[in-house]
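This report refers to the structure that appears directly beneath it.
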Protein chains: 2
Amino acid sequence: MFPSPFISKAVHVCIDNKLPTLAVTRFNQWHQCQLGYRKQKYSISLKSPLKMPTEKTLPAIFKHVDANVTTYKNLLKEAVAIPSVSCDIKYRDDCVRMVHWMEDKLKEVGARTELRDVGFQTIDQKEVKLPPVLVGVLGNDPKKNTICIYGHLDVQPALKSDGWHTEPFELVERNDKLYGRGSTDDKGPVLGWLHAINAYKAVGEELPVNLKFVFECMEESGSEGLDALLIEQLKPEGFFDTVDYVCISDNYWLGTTKPCITYGLRGISYYFLEVECAKMDLHSGVYGGTVHEAMSDLIYLMDQLVDKDGKILVTDIYRSVAPLTEAEKKLYTSIDFDPEAYRNTIGTPKLAHNGVKEQLLMHRWRYPTLSLHGIEGAAFQPGAKTVIPGKVIGKFSLRIVPNQEPEEVEKLVFDYIHKKWAERGSPNKMKISAQSGRAWTEDPHHPHYQAAARATRLIYQTEPDMSREGGSIPVTITLQEASGRNVLLLPMGAGDDMAHSQNEKINCRNYIEGIKLFTAYLHEVGKLAK
Amino acid sequence: MFPSPFISKAVHVCIDNKLPTLAVTRFNQWHQCQLGYRKQKYSISLKSPLKMPTEKTLPAIFKHVDANVTTYKNLLKEAVAIPSVSCDIKYRDDCVRMVHWMEDKLKEVGARTELRDVGFQTIDQKEVKLPPVLVGVLGNDPKKNTICIYGHLDVQPALKSDGWHTEPFELVERNDKLYGRGSTDDKGPVLGWLHAINAYKAVGEELPVNLKFVFECMEESGSEGLDALLIEQLKPEGFFDTVDYVCISDNYWLGTTKPCITYGLRGISYYFLEVECAKMDLHSGVYGGTVHEAMSDLIYLMDQLVDKDGKILVTDIYRSVAPLTEAEKKLYTSIDFDPEAYRNTIGTPKLAHNGVKEQLLMHRWRYPTLSLHGIEGAAFQPGAKTVIPGKVIGKFSLRIVPNQEPEEVEKLVFDYIHKKWAERGSPNKMKISAQSGRAWTEDPHHPHYQAAARATRLIYQTEPDMSREGGSIPVTITLQEASGRNVLLLPMGAGDDMAHSQNEKINCRNYIEGIKLFTAYLHEVGKLAK
């Protein structure tokens, strides 16, 4: 467990925090020095004397949730059945359908909604319409706090032939787990908010907060169009003026049993490395031996990027990474993380960094990593396709960390690739482009985090770990910037949910207790001072 | 143009061959020394005094062909519309449908047909039924020669998003070209035989030969099951006992205007190089930095195989390649081949071997080449998929040449990969497997080749080049072995037809004149001595 240094002194008195003030100070120093987060001004006074959530409201709500499990599963089944794969335009209509589906649900709970047109994306020199962003407002009581909730309705691609045991777009329950693409990333959590609102209504209670919603359908594809909507439209229009807090549920617990609240994410810098040797694919028998093949050039370039131990070979790439201090180093020791269980879950013969816990956590959270994802334009099917691809696009990405700036990382990668390309001396055409998002850290010392921690304790009867994540949700930063408010990541799913992978699932427990967690979180934030 | 040395002295007198006997001798020496073909015994006497094809029969047939162009195109459209992609089991039903479709057509022209069960293939540890092989017999006149015709009904995969201008499985005519997957490889030629038979019937002429048919639907996937059928079933059953000649139309002219007849093919040795780091795909944010990624291992191995100039790096791989003699070297000089036109057709910035004609031809025909085809299991879609693939299978192949034996090549590649893998020192699992077929050469000096040459001259009014090809049709060797007869490749399509590639087409001219060529070829073979 993280030594919960994120509990402020003021909150400390009321939540039975057993940590010494020393830890708080130590963490704050480290946090401020090493992570360079933008410390926000906030009041730490509370609206009313601190006490545990009311005895009446929440238990009734929880009872209602427990009585409606089937309804919640059925609704998730409906959502999963819409294959809203954002990276493949052949599913674009499904993405749009998914947004409309969710709009209807928000309307049913009384929200005012709007579908915001965010323009076009360019694919193969063609302009393709982006799915609209669903924006909603529920409640405008000036006495209540307002939370802006972000979620996404799109999913990663999935084919049964990728190795799924069941149809990816059919929610299947087995051993108390709900399998299906999007079950945990991010349709389950998005529906969790809907169910939480409904639960308040069902027991005849007013919502303790006002809510605003931003639900997009391009998150898995770089959230195209969203930044412009948030910064250039919603912000000037005053959408964020009344927002007090931002909450995102689009990540996972570190392990499988212990809840956490997340205050940091790595950024991402995603590369498209294109090599072209011919204007079409060529038969390898007929043309093999007469062209400089694009694939061998691309494979050469991709092989220059990272060594077998995961060390990134791009010149100077580690230069601006926040140095590891002794103070920070010690923090990793107490985190609840079992490398052997982790290794077994993913079935890898041997973990990197010799499986040393602290090293693994640091390389997930605070060091950059580089992964080679695949090649577009080459043979990918089963069987023996004998083609010389004419144009291939290698895909790789770096997860970037404080204090790496995306522009700096992109320049280093571009320079390195161009240098290696010159060394190669191929006559083919090469080009490289990137999409990047900065790493993010927030102040976990904020009362908003403490409210979420109280809600989590109430549901799971344990102190949540305050953790960071290796993944990236670039919109987190945009929402931080657009709202100027504290942003919190409140995970619903577990660490073995296999988002982006085959057999993605959400545990029934995480889904149902997650709904209760959301109701408790709304309740706790409702109690924070306006 | 090849110096037509393939015309024997006996035939020379009747076909106005202008080449000196010296050329014949020179070629024969070279051919016997360098290619090590299995010289077959045959008679060079002809059935009747040599003369051009009868004035009556063939012109009437050609007239009929010209009058039925629309019918021929419509039938090809029907065949192309069946997406008989053999390498992807999701199209397996379409493969079976395609075989049935063709069986009906053969029955309509009076052939006795049979669908031969060739068992199962293993995909991902599962047994998957192979499409049946269509075997047919038309005519059994003991006074007539019998030709065994082979063709295939399956096609390479094709998606519009690969870069097709039209739907791949919809035959579209534009600028006197018929675009569609399988139009030239190999549905057009297979239908060509059908139309040729029909044309004889239409003008009230008996077929000048007996025909036997072997049409399979797994050619693009290693012809699984076919060798066993031919060698272990059809041969013992006596299917080949009456066969005098074998003809395959599954290749292309060297260029776009000049017809050719093909007497040599490279073999193929296709590799599946699998690396596994986890039992499922992993989210690169969550897991990046903690596993030894399979992709970087695979990319490393694939980068060890070939240099930018196409030189194969596998130890000793060139050792058994038939040495190039001065005599052979000179033969390439006179071949009709324009590197600049070739370069323009495929749109490559610079050809290999500095675009020198002789070098290009030799590297297409008589030297091995290695192509990297792609990676199964990795991200291949457009967009920014952020996955660490758990298991990836790199695909590459060598086109092998006389005197390389598949077993020898496989051993060299396996040894080399295992050596490089040991050098890598990765903890992941690696395995490599292969499918191979030997290179093939035939005796172009045979009367069967001269019959085909006469037929070609009659249709195209020019001397065909006698050429080899860089591609591989492993069944050619099996048919040579099973029948013990001369095997001939009689191409219908042109060199820019883009088989296996985007926008595959067949020229209307090649399709229609090709039908006439087939009728003339049947006529010419009919005249050969029994």
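Chain A is the first sequence line, chain B the second, and so forth, proteins listed ahead of strands; every chain is numbered from 1. We use all heavy atoms of the structure for the numbers below, so side chains are in, but hydrogens, waters and symmetry mates are not.
Interface summary for chain A: among B:Gln435, B:Lys308, B:Met295, B:Lys350, the most heavy-atom pairs under 4.5 angstrom belong to B:Lys308. Considering only heavy-atom pairs separated by less than 4.5 Å from chain A, the leading option among B:Pro389, B:Gly374, B:Gly222 is B:Gly374. Of the residues considered (A:His373, A:Glu293, A:His283, A:Lys279), A:His373 shows the highest number of contacts with chain B, using heavy-atom pairs under 4.5 Å. Of all the listed residues (A:Thr369, A:Asp162, A:Asp303, A:Val286), the one sharing the greatest number of non-hydrogen pairs under 4.5 Å with chain B is A:Asp303. Residue with the most contacts toward chain B among A:Ala384, A:Ser371, A:Ala278: A:Ala384 (heavy-atom pairs, distance under 4.5 Å). The residue among B:Ile388, B:Thr386, B:Leu370, B:Ile393 with the most heavy atom pairs within less than 4.5 Å of chain A is B:Thr386. With respect to chain B, the highest number of heavy-atom pairs below 4.5 Å among A:Pro157, A:Gly355, A:Ser426, A:Ser397 belongs to A:Pro157. The choice from A:Thr345, A:Leu298, A:Asn503 that makes the most heavy-atom pairs within less than 4.5 Å of chain B is A:Thr345. If you tally non-hydrogen atom pairs under 4.5 Å between each of B:Phe380, B:Phe396, B:Tyr300, B:Tyr367 and chain A, the highest count goes to B:Phe380. Among B:Asp281, B:Ile375, B:Leu361, the residue with the largest count of heavy-atom pairs under 4.5 Å with chain A is B:Asp281. Interface remark: of the candidates B:His363, B:Glu276, B:His500, B:Met302, B:His500 forms the most heavy-atom pairs closer than 4.5 Å to chain A. Contact tally against chain B (heavy-atom pairs below 4.5 Å) for A:Cys277, A:Ala378, A:Gly163: the top residue is A:Cys277.
Summarising the geometry, atom CD1 belonging to B:Ile89 is positioned 8.0 Å from atom OG belonging to A:Ser161; distances are rounded to the nearest 0.5 Å. Here A:Ile299 contributes atom CD1 and B:Ile299 contributes atom CD1; the two are 3.5 Å apart, rounded to the nearest 0.5 Å. Between B:Lys385 atom NZ and A:Lys395 atom NZ the span is 10.5 Å, to the nearest 0.5 Å.
Heavy atoms closer than 4.5 Å to chain A are found in both the backbone and the side chain of B:Gln381. For B:Met280, the parts lying under 4.5 angstrom from a heavy atom of chain A are both the backbone and the side chain. With a 4.5 Å cut-off on non-hydrogen atoms, B:Phe272 touches chain A through its side chain but not through its backbone. The contact between A:Asp297 and chain B is made entirely by side chain atoms (from C-beta outward), counting heavy-atom distances below 4.5 Å. Looking at B:Asn344, only its backbone comes within 4.5 Å of chain A, counting heavy atoms on both sides. Looking at B:Leu305, there are no atoms closer than 4.5 Å to chain A (heavy atoms on both sides), in backbone or side chain. Only the side chain of B:Gln304 comes within less than 4.5 Å of a heavy atom of chain A; its backbone N, CA, C and O stay farther away. For a residue to count as touching a neighbouring chain, one of its non-hydrogen atoms must lie under 4.5 Å from one of that chain's; by this rule B:Asp307 touches chain A with the backbone only. Interface remark: A:Arg424 contributes backbone and side-chain atoms alike to the contact with chain B (heavy atom separation under 4.5 Å).
Each of A:Arg364, A:Gln359, A:Arg343, A:His353 was checked for a side chain to side chain contact (heavy atoms under 4.5 Å, CB included) with B:Thr290, and the lone residue meeting it is A:Arg364.
Side-chain contact check for B:Asn428 versus A:Pro349: some heavy-atom pair is nearer than 4.5 Å.
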